[in-house]
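Just so it is clear: chains get the letters A, B, ... in the order the sequence lines come, proteins before strands, and each one is counted from 1. Computed from heavy atoms alone, side chains included, the values below leave out hydrogens, waters and symmetry copies.
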Protein chains: 2
Amino acid sequence: MTSPASAAPAPSVEERVLDAAKVCIERWGMAKITIDDIANEAGVSRATLYRLFPGGKDVLFEAFRVRELEDFFTRLASHLDHIDDLEDLLVRVVVSATEELRSDQHLAGMLASEPGEALTSLTVDGLPRIIRIATVFLIPLVGEYVPRREASRLVEFLARMVISFFLAPSDHVDLGDAESARSFIATFVLPAFQPSLASS
Amino acid sequence: MTSPASAAPAPSVEERVLDAAKVCIERWGMAKITIDDIANEAGVSRATLYRLFPGGKDVLFEAFRVRELEDFFTRLASHLDHIDDLEDLLVRVVVSATEELRSDQHLAGMLASEPGEALTSLTVDGLPRIIRIATVFLIPLVGEYVPRREASRLVEFLARMVISFFLAPSDHVDLGDAESARSFIATFVLPAFQPSLASS
DNA sequence: TGACGGTGAGACGAAATGCGTCTTAGTGTC
DNA sequence: GACACTAAGACGCATTTCGTCTCACCGTCA
């Protein structure tokens with residue numbers, strides 16, 4: 001099993017539990033999961049699970065969502081190398097993020113079978129967390145072009161727009177399309193965050 | 001909604017409930033379903049559900065499985081027209097049944113996420129029911145070639161073989177392949193049920 | 001109109017399930 | 001041998017689910 005020669009770096013117990021949570025969620029949906037399901041799937045006792053995530057299901061689910069988001073932005077950031085222009089960077093961010101959202105089978109399944117839960121985690125409950133983690137991941141990149149304070153507002157704005165257009169596509173804007181996204185960003189984003197360049 | 005001009009013949013309450021059960025099973029799996037889930041999905045009160053299926057979940061699930069099987073054999077029988085030879089008929093039966101089993105997404109999902117439940121319904125618990133319904137559907141066809149008593153044994157044998165080879169494929173026999181199935185039937189089936197033709 | 005069957009809503013107690021904490025015993029490490 | 005970590009599972013409590021029941025409502029038909 002945990003062969004020392006294996007390429008994988010022997011996942012920690014915490015990671016095993018979060019992986020198990022993912023399996024359970026895909027199998028049964030968030031609404032139907034119990035602590036025991038996750039503990040059994042992870043091959044871990046319930047006591048261990050409470051030790052790792054004091055607070056039970058709420059804390060565990062929060063950790064799960066954070067990890068999912070970190071994975072999301074890690075994949076996203078991997079598409080953002082070697083870009084030396086703010087507009088190009090923002091276009092790539094919204095296009096890649098939109099593409100990834102659209103191709104996320106897990107998310108699609110959640111939206112289909114548990115729309116309430118899924119929408120909540122993308123809006124009222126989840127959006128602050130999304131913005132927080134997006135900020136952590138994207139500030140280092142965006143910060144090269146705009147002041148840190150502005151960068152925060154910019155990342156938040158992008159996150160809101162990507163999610164909004166993902167959940168309710170527009171007839172006029174397609175953030176999954178580079179052309180359309182560039183036009184959108186040039187019109188609605190850059191003027192607000194680079195006023196000195198608005199007339200260029 | 002229930003437009004009178006609609007082609008569909010206004011599904012009965014019972015059918016609506018069984019449809020709802022199917023939706024719930026696909027969404028959550030059999031292990032996690034509650035009576036309320038099905039009642040809500042069907043837009044029916046719990047009282048009505050108990051009125052229709054006295055005995056609750058067990059009775060409802062039994063009815064559900066029976067309907068699924070009847071659908072299965074109805075589709076199967078639709079592939080069996082205009083065959084006037086016993087061997088051809090048996091080949092078509094096992095090939096079509098195997099193909100249908102292999103392409104059944106619902107069944108595949110069940111086998112993946114709830115192997116215990118799925119296997120039980122194909123073997124220890126479910127096989128008698130499968131054989132019973134297979135007999136009802138196939139006896140009229142097979143009965144043209146062999147006596148009724150023999151026909152029952154033949155249908156049962158075929159059902160057992162199709163399920164066995166579906167669950168655990170063989171290196172030597174592929175009942176989804178017409179050539180292979182014909183060879184299998186000529187070797188193992190016909191000699192036992194048409195001994196007079198065995199040497200032909 | 002009034003009787004009647006079918007239904008939704010929901011109350012009810014009983015049973016089952018899930019939760020969170022705790023204790024115990026086992027295992028590997030230092 | 002002390003120690004940290006864990007699986008297993010018992011415990012009491014809260015919640016959910018079950019199965020039955022009553023009642024009000026609605027459409028149909030006499």
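At whole-Å resolution of the value, CD1 in B:Ile35 and C1' in C:dA16 are 14 Å apart. Taking atom CG of residue B:Leu49 and atom C1' of nucleotide C:dG10, one finds them 16 Å apart after rounding to whole Å. We find that CD of B:Glu14 is positioned 13 Å from P of C:dG6, with the value rounded to whole Å. When rounded to the nearest whole Å, the span between CG of B:Leu52 and C1' of C:dG6 equals 10 Å. One interatomic measurement links the two molecules: CG of A:Asp58 to C1' of D:dT15, which rounds to 15 Å at whole-angstrom precision.
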Which pairs, protein N/O on one side and nucleotides 26-30 of chain C N/O on the other, fall under 3.5 Å?
none

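OP1 or OP2 of D:dC18 has not a single side-chain nitrogen or oxygen of B:Arg46 nearer than 4.0 Å. In this model, the phosphate group of C:dA9 is not approached by any side-chain N or O of B:Ser45 to a distance below 4.0 Å at OP1 or OP2.
Between A:Gly43 and B:Pro54, the residue anchored closer to the 5' end of DNA chain D is A:Gly43, taking for each the nucleotide with the nearest heavy atom. A residue-by-residue look at A:Arg51 and A:Asp36 shows that A:Asp36 has its nearest nucleotide of DNA chain C further toward the 5' end.
A salt bridge between B:Glu156 and B:Arg153 is absent, with no side-chain N of the basic residue lying under 4.0 Å from a carboxylate O of the acidic one. A salt bridge does not link B:Asp37 with B:Lys57: none of the charged nitrogens is closer than 4.0 Å to a carboxylate oxygen.
Counting heavy atoms from C-beta on, the side chains of A:Glu70 and A:Val136 never come closer than 4.5 Å.
With A:Glu41 contributing its side chain and A:Cys24 its backbone, the two residues share no donor-acceptor pair below 3.5 Å.
The listed nucleotides are C:dG8, C:dG18, D:dT17; the one nearest the side chain of B:Lys32 is C:dG18. Proximity note for B:Ala47 (side chain, C-beta onward) versus C:dA9, D:dA7, D:dT20: the nearest is C:dA9. When distances are taken from the side chain of B:Tyr50 to each of D:dT20, C:dG20, D:dA7, the shortest belongs to D:dT20.
Under the 30°/60° scheme for interplanar angles, the aromatic rings of A:His106 and A:Phe64 are found to stand perpendicular. Aromatic ring pairs are classed by plane angle as parallel below 30°, tilted from 30° to 60° and perpendicular above 60°; the pair B:Phe184 and B:Phe165 is perpendicular.
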Applying side-chain contact (heavy atoms from CB on, under 4.5 Å) to B:Ile131 and B:Arg160, what does each step give before you reach the verdict? CA-CA 8 Å; B:Ile131 290 169; B:Arg160 290 179 183 274; 3.9 Å; yes

